[in-house]
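Everything below concerns the one structure shown next.
Not measured: the values here are computed from a predicted model. Note that ligands are numbered from 1 as they come in the structure, with each ligand's atoms numbered from 1 the same way.
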Amino acid sequence: MNSQPIGIFDSGIGGLTVAHAISEAMPNETLIYFGDTAHMPYGDKSKDSIRFYAEQITNYLLKNEHCKCIVIACNTASAAAYEYLRDAFKNIIPVINVIDPIIEEVIADDQIKRVGIIATKTTIASGIYQEKLTRRKASLEYSALATPLLAPMIEEGFYNDKISHEIIYSYLAQPELKNIDALILGCTHYPLIKEEIKAFYKQRIKVIDSTTIVANKVKAILEKEGLLSEKRMAPDKYYVSDYTDSFEKTTSVFFGSAINLELKNIWQTK
Ligand code: DGL
């Protein structure tokens, strides 16, 4: 069991930021990544559609790739489908989302009194961050802003340039994000613009993304369950449900080094 791979999925290639952090934190682990590029963006899909895709992907990673745990490396899918998957695969396989580890990080930091959240429309509309933060720490103030242009902007290669600067600054200047002392980057694409965001705030606030925090959580869960691998058994695999040259090129930006994408059709009829 221990040498079986970790299954990771996202709506597309943004979750590679999390996959990279996991591979850095646990070099002995084999990763199977599935980017549902045929159905991205998840950010404006219904909860039902996202659940359907997420369940099919989880079944594939479990049954065909024999993964020992599933990491939902997408805030939108975590918001729409985590509880559903956790219950559906209870006592079968641990399912880990990218939202709870961030909530834990925020509530443990007593310096944070008012936190902002930026994410896709579906994640913000789900109210999941807002609800979990208040439930865990009633004294915490929060404000949330949907920033739907950011994920497509990054995917199209606009970051650290004039266009990204304009868009990021115009979102961050919105009244919702005034007087915050921390900002949650509630989308797995956003680590790529973390430095631009920190620059907007002149490094004065804490900017929290899911990469290392989630990787450490996955490690802790595998350790607790006795599932850590002592030796890497196979190379990682990176699948997408729709392949284009542009995805192939962009992957290295998200992962930090070149990786090969393979097309994989896993869909069964609804
Ligand atoms: N990476 C996804 C997330 O973390 C956003 C991209 C999408 O809309 O599919 O929410």
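Within the structure, the ring pair (Phe, Tyr, Trp, His ring centres under 6.0 Å) test picks out the following pairs touching residues 212-244 (sequence neighbours left out): Tyr238-Phe255.
Counting heavy atoms under 4.0 Å from ligand 1, residue Asp44 does not touch it at all.
Looking only at heavy atoms of the protein, atom 5 (C) of ligand 1 is closest to Cys187 SG, 3.5 Å. Among all non-hydrogen protein atoms, the one lying nearest atom 10 (O) of ligand 1 is Thr76 OG1, 2.6 Å. Among protein heavy atoms, the minimum distance from atom 1 (N) of ligand 1 is reached at Thr188 OG1, 2.9 Å. Protein heavy atom nearest atom 2 (C) of ligand 1, with residue, atom name and distance: Cys74 SG, 3.5 Å. Taking atom 8 (O) of ligand 1 as the reference point, the nearest protein heavy-atom neighbour is Gly43 N, 2.8 Å.
In summary, the atoms of ligand 1 found under 4.0 Å from a heavy atom of Tyr42, numbered by their order in the structure, are 7 (C), 8 (O), 9 (O). Near Thr120, the atoms of ligand 1 lying under 4.0 angstrom from a non-hydrogen atom of the residue are 5 (C), 8 (O), 10 (O).
Residues Met233 and Ile22 do not share a hydrophobic cluster, clusters being chains of Ile/Leu/Val/Met/Phe/Trp/Tyr side chains in contact below 4.5 Å.
For the atom pair CG of Leu31 and CD1 of Ile8, the computed distance is 4.5 Å after rounding to the nearest 0.5 Å.
A donor-acceptor contact under 3.5 angstrom links the side chains of Tyr190 and Thr147, judged on distance only.
Between the side chain of Lys68 and the main chain of Asn2, a donor-acceptor pair closer than 3.5 Å is present. Side chain of Asp236 to backbone of Thr30: no donor-acceptor contact under 3.5 angstrom is found.
When each of Ile50, Val98, Val71, Asp100 is paired with Ser78, the side chain to side chain contact (heavy atoms under 4.5 Å, CB included) condition holds for Val98 and for no other.
A heavy-atom separation below 4.0 Å is found between Pro41 and ligand 1.
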